[in-house]
Amino acid sequence: MSAADLFNGFVGANVIRALQHLDVLDALDPVVPADVDALSRAAGVAAERITPLLAAATSLGILAPRGGGYVLTSTGVDVRQHVGFFIWAVGGYGRMFAELGALARSSEPRPMDLIDRGDVALGSDLCNTRLMRQTILDAFVAQDFSMMVDLGCGNAGRLIDICTAKAGVRGIGFDLSAVAVALAKNNVAARGLSDRVGVHQANVLDMQQLEELAPEIRKADLVTSFMMLHDLFNAAPPAVVLQGIRRGFPAARRFLFADTFRMPEGEAGVRPPIFNLGFQLTHSVMALDLFTPALYREAFEAADMRLRQQIALGVPNTYLFVVDAA
């Protein structure tokens, strides 16, 4: 990888995020050209405002000119499939990346204060929708439950998918981010599920707060948490966290946990897969450990839980665990 590749990749990542936020990527097709006027209407901005972005994306091989408009190249199709990672990195953690030098010199600002949790939630939902959705839905549809709790629900995309797929199921989501919760409530209302899905802002480790906000959670027979156990395991020993979750949800007999793990030790010079390097770097800067699937399996056993399945998801080094209360 050359210096030019690294520099142009940085520019391209920012262009990709902009095109996604402007709804331009989804207005493009690999076969049928879209002209600038059509793309400006999709973005809701004047044509001259998006022309520089289209030109940059063309130079980077994301778009190709055709028939007076633009089409997605094979690279562009791949980018659109993986766009959630760009939203997560550039939008969610962009300020942290920009301040890596300052963060190395000083404890102020705190790394956590530089996170845009709205873009983290959006990027995570796009990754879920485009890379993991069907595998996750299949896993949930196979379960028998009437009420689920989602710890760290983000913008409620997962709750909406599951409650739409399983008639009569109710869902309750908790997230620490006020921005994510506001997005979640809007999404739930837009899908007409407000009578079946509730979302609350809360620290998921504070079981008393969760029960005060939604007393019915003690009846939940399925509990799930996606991409958050590693945060909880940094706050307390893994087995202690899992035992606390079991106590907080006494009716739950099944748990579905998903997380991304640290990359296996590889050979020097081997290019890492998408996402993992950024995920590890940001967590190292925040002084948060990442773990291995083996540690999770040991923690389940120590918490008197029985692992039924470990399912690979569409994000590198990311797995879904289906676990029973023993």
Side-chain angles (χ1 to χ4, degrees), residues 17 20-21 84-99 103 107-129 147-163 170-217 220 223-236 241 244-245 248-249 257-260 278-279 282-283 285-288:
R17 177 184 179 248
Q20 177 64 28
H21 271 299
F85 296 129
F86 295 90
I87 301 299
W88 177 91
V90 178
Y93 285 88
R95 289 179 63 207
M96 186 186 298
F97 286 129
E99 297 296 337
L103 292 169
S107 58
E108 294 294 335
R110 296 189 315 154
M112 277 82 161
D113 295 336
L114 301 177
I115 300 171
D116 182 330
R117 299 190 184 277
D119 260 9
V120 169
L122 175 59
S124 299
D125 187 52
L126 285 165
C127 289
N128 171 59
T129 302
M147 180 187 293
M148 66 176 287
V149 170
D150 190 352
L151 303 175
C153 64
N155 69 356
R158 190 167 44 257
L159 278 168
I160 290 168
D161 278 350
I162 293 162
C163 289
R170 297 181 59 213
I172 302 169
F174 297 99
D175 203 286
L176 186 60
S177 167
V179 174
V181 168
L183 287 169
K185 289 182 177 180
N186 287 338
N187 290 340
V188 169
R191 295 294 295 272
L193 289 171
S194 297
D195 59 330
R196 292 172 52 203
V197 177
V199 182
H200 306 276
Q201 184 184 1
N203 178 351
V204 301
L205 285 177
D206 187 344
M207 296 305 305
Q208 181 177 346
Q209 182 188 23
L210 302 192
E211 192 168 348
E212 289 172 355
L213 288 168
E216 64 271 28
I217 63 171
V223 176
T224 188
S225 180
F226 272 62
M227 315 309 171
M228 197 181 67
L229 276 189
H230 62 273
D231 292 316
L232 303 184
F233 288 177
N234 274 274
V241 170
I245 291 173
F249 302 98
F257 297 122
D259 218 338
T260 297
F279 188 69
T282 53
H283 284 73
V285 170
M286 293 185 288
L288 294 174

Pairs satisfying side chain to side chain donor-acceptor pair (under 3.5 Å), at least one member in residues 86-97, at least two apart: none
Please give me the minimum heavy-atom distance between Val120 and Gly92, naming the atom from each residue. CG2-CA, 3.7 Å
Locate the shortest heavy-atom distance separating Met96 from Pro111; write the atom from each residue and the value. CE-O, 3.3 Å
What's the separation between atom CZ in Arg170 and atom CE in Met147, rounded to the nearest 0.5 Å? 4.0 Å
Just to verify, what does Ala258 make a side-chain contact (heavy atoms from CB on, under 4.5 Å) with, not counting sequence neighbours? Phe226, Met227, Leu313, Leu320
Could you tell me which residues satisfy side chain to side chain donor-acceptor pair (under 3.5 Å) with Glu99, sequence neighbours excluded, listed by chain and number? none
Quick one: list whatever passes salt bridge (Lys or Arg N to Asp or Glu O under 4.0 Å) with Asp175, sequence neighbours left out. none
Please identify each residue that fulfils salt bridge (Lys or Arg N to Asp or Glu O under 4.0 Å) with Asp116, with sequence neighbours left out. none
With sequence neighbours excluded, what pairs up with Glu211 under the side-chain contact (heavy atoms from CB on, under 4.5 Å) test? Ile217, Arg218
Step-by-step side-chain contact (heavy atoms from CB on, under 4.5 Å) determination, Val199 to Ile172: CA-CA 6 Å; Val199 182; Ile172 302 169; over 6 Å; no
On a heavy-atom basis, the closest approach of Asp125 and Gly157 is OD1-CA, 3.5 Å
Roughly how far, to the nearest 0.5 Å, is OG1 of Thr282 from CE of Met112? 10.0 Å
Test side-chain contact (heavy atoms from CB on, under 4.5 Å) on Val223 and Met148 and set out the steps. CA-CA 6 Å; Val223 176; Met148 66 176 287; over 6 Å; no
Does Thr224 use its side chain to pair, donor to acceptor, with the backbone of Phe257 at less than 3.5 Å? no
With sequence neighbours left out, what residues match His230 under side chain to side chain donor-acceptor pair (under 3.5 Å)? Asp259, His283
What residues, two or more places apart in sequence or in another chain, satisfy side chain to side chain donor-acceptor pair (under 3.5 Å) together with Ser177? none
With sequence neighbours left out, what residues match Arg17 under side-chain contact (heavy atoms from CB on, under 4.5 Å)? His21, Ile87, Val90, Asp119
Gly154 versus Ala184, closest heavy-atom pair with distance: O-CB, 3.6 Å
Under 3.5 Å, which donor-acceptor pairs link side chains of residues 187-195 to any protein atom two or more places apart or in another chain?
unit_1 : atom_1 : unit_2 : atom_2 : d
Asn187 : ND2    : Asn155 : O      : 3.0
Asn187 : ND2    : Leu183 : O      : 3.3

With a 4.5 Å cut-off on side-chain heavy atoms, are Leu151 and Phe249 touching? yes
Which ring pair (Phe, Tyr, Trp, His ring centres under 6.0 Å) pairs, counting each pair once, include a residue from residues 170-206, with sequence neighbours left out? Phe174-His200
For residues Gly118 and Val179, report the shortest heavy-atom separation together with the two atoms involved. CA-CG1, 3.4 Å
Could you tell me which residues satisfy side-chain contact (heavy atoms from CB on, under 4.5 Å) with Asn203, sequence neighbours excluded, listed by chain and number? Leu176, Leu205, Asp206, Gln209
Starting at CZ of Arg158, measure out to OG of Ser124 and round the result to the nearest 0.5 Å. 8.5 Å
Closest approach of Gly171 and Cys163, non-hydrogen atoms and distance? N-SG, 3.8 Å
To the nearest 0.5 Å, atom CG of Leu232 lies from atom CD1 of Ile245 at 6.0 Å
